[in-house]
Amino acid sequence: MDFLDIKDKTYFITGVANRKSVAYFSAKILEEAGANLIFSVQKEEQIQKIESLFPNAETFIIDVEKEETIDQVVNVLKDRGTKISGLLHSIAFANLLEPKPFHETKWEDWAQADKISCFSLTAISGKFKELFENDASVVTISISDTLATSYGYLGPIKAALDTTVAYLAKSFSGFSRVRFNAVCAGPLKTSASAGIPGYIDNYIFAEKLTMRKEALKTPEVANTVAFLLSPRSSGINGTGIRVDAGMRSNTFDQEVVKIVGDNLE
């Protein structure tokens, strides 16, 4: 038997942007293990991309800024009697094209980023309540606790996402065994991260801080996602799993410390 034990189970996947995304690699693992996949994208023009990557899967449109689009998907799946064994929430957005000091963050930007990147987990989970199997697993993609400046106000929003995971786990425990967890990834080389000003410097720095001196790879994060979505992780709930190749435990890496010390004026 396959270790994940997910053959013929149905998973709902959000956030597949391209072949570099965490959601893509996670979905491929699930597909190869025999799971049935349902996808959502934000816009209709993105459906063709999913069809090219996963020809046998169905794709819906969910724009989390418009709750009615979630309702429409739920109604279709409910009418079919579809039961969801797991949900991957891999949705994030922040307007970082024109970086500003954190204290100059605009409420309009914060509110939009929070609704898309954080509150959407609550919105989707709440509306999917009747679709979930009693022991379903919900996983969201967060970030490691590095407080990187380049993340801007998305950093505190991701911190709120981590807390939301615990509160959703508590809330759902009153009537089900549905689990909620976050995968808190270190810096990755993805298309989304490439759009963050200054991110490449953080990525290079993070690679030097990993204990193996090799950057974190997206498939490594996806492996953890797949495990958490599977029944094999049944004892894990309401928490965040850090996947950063040891970076957080290696802040004072001697090689990096020496480089900095040798270049101090």
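By convention here, the first residue in the shown sequence is residue 1. Here the structure is a predicted model, which means the values were calculated and not measured.
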Kindly state whether the ring of Tyr153 and the ring of Phe102 have centres lying under 6.0 angstrom apart.
no
If you measure from [atom1] on [X] to [atom2] on [Y], what distance do you get to the nearest 0.5 Å?
{"X": "Tyr24", "Y": "Glu31", "atom1": "OH", "atom2": "CD", "value": "8.5 Å"}
{"X": "Phe119", "Y": "Leu161", "atom1": "CZ", "atom2": "CG", "value": "12.5 Å"}
{"X": "Asp63", "Y": "Ile70", "atom1": "CG", "atom2": "CD1", "value": "9.0 Å"}
{"X": "Ser26", "Y": "Ile13", "atom1": "OG", "atom2": "CD1", "value": "7.0 Å"}
{"X": "Ile116", "Y": "Ile91", "atom1": "CD1", "atom2": "CD1", "value": "9.0 Å"}

Within the side chain of [X], is there an N or O that forms a donor-acceptor pair under 3.5 Å with the backbone of [Y]?
{"X": "Asn181", "Y": "Ile236", "answer": "yes"}
{"X": "Gln254", "Y": "Phe252", "answer": "yes"}
{"X": "Ser173", "Y": "Lys170", "answer": "yes"}

Once the angle between the rings of Phe180 and Phe132 is folded into 0 to 90°, is it parallel (under 30°), tilted (30 to 60°) or perpendicular (over 60°)?
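Judged by the thresholds at 30° and 60°, the geometry between Phe180 and Phe132 is perpendicular.
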Charged tip of Arg232 within 45° of Phe227 ring normal and under 6.0 Å
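Arg232 over Phe227 ring: no.
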Within 45 degrees of the ring normal and closer than 6.0 Å to the centroid, is that where the cationic atom of Lys129 sits relative to Phe175?
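Yes; both conditions hold, so Lys129 lies above the ring face of Phe175.
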Are the side chains of Val256 and Phe205 in touch, meaning some heavy atoms are under 4.5 Å apart?
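Val256 reaches Phe205 side chain to side chain.
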Minimum side-chain heavy-atom gap Val178-Asn134 below 4.5 Å:
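A side-chain contact under 4.5 Å is absent here.
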Lys/Arg-Asp/Glu bridge criterion (N-O < 4.0 Å) met for [X], [Y]:
{"X": "Lys115", "Y": "Glu67", "value": "no"}
{"X": "Asp253", "Y": "Lys213", "value": "yes"}
{"X": "Arg248", "Y": "Asp244", "value": "no"}

Can you tell me which residue among Lys127, Lys78, Lys66 is in a salt bridge (Lys or Arg N to Asp or Glu O under 4.0 Å) with Asp71?
Lys127
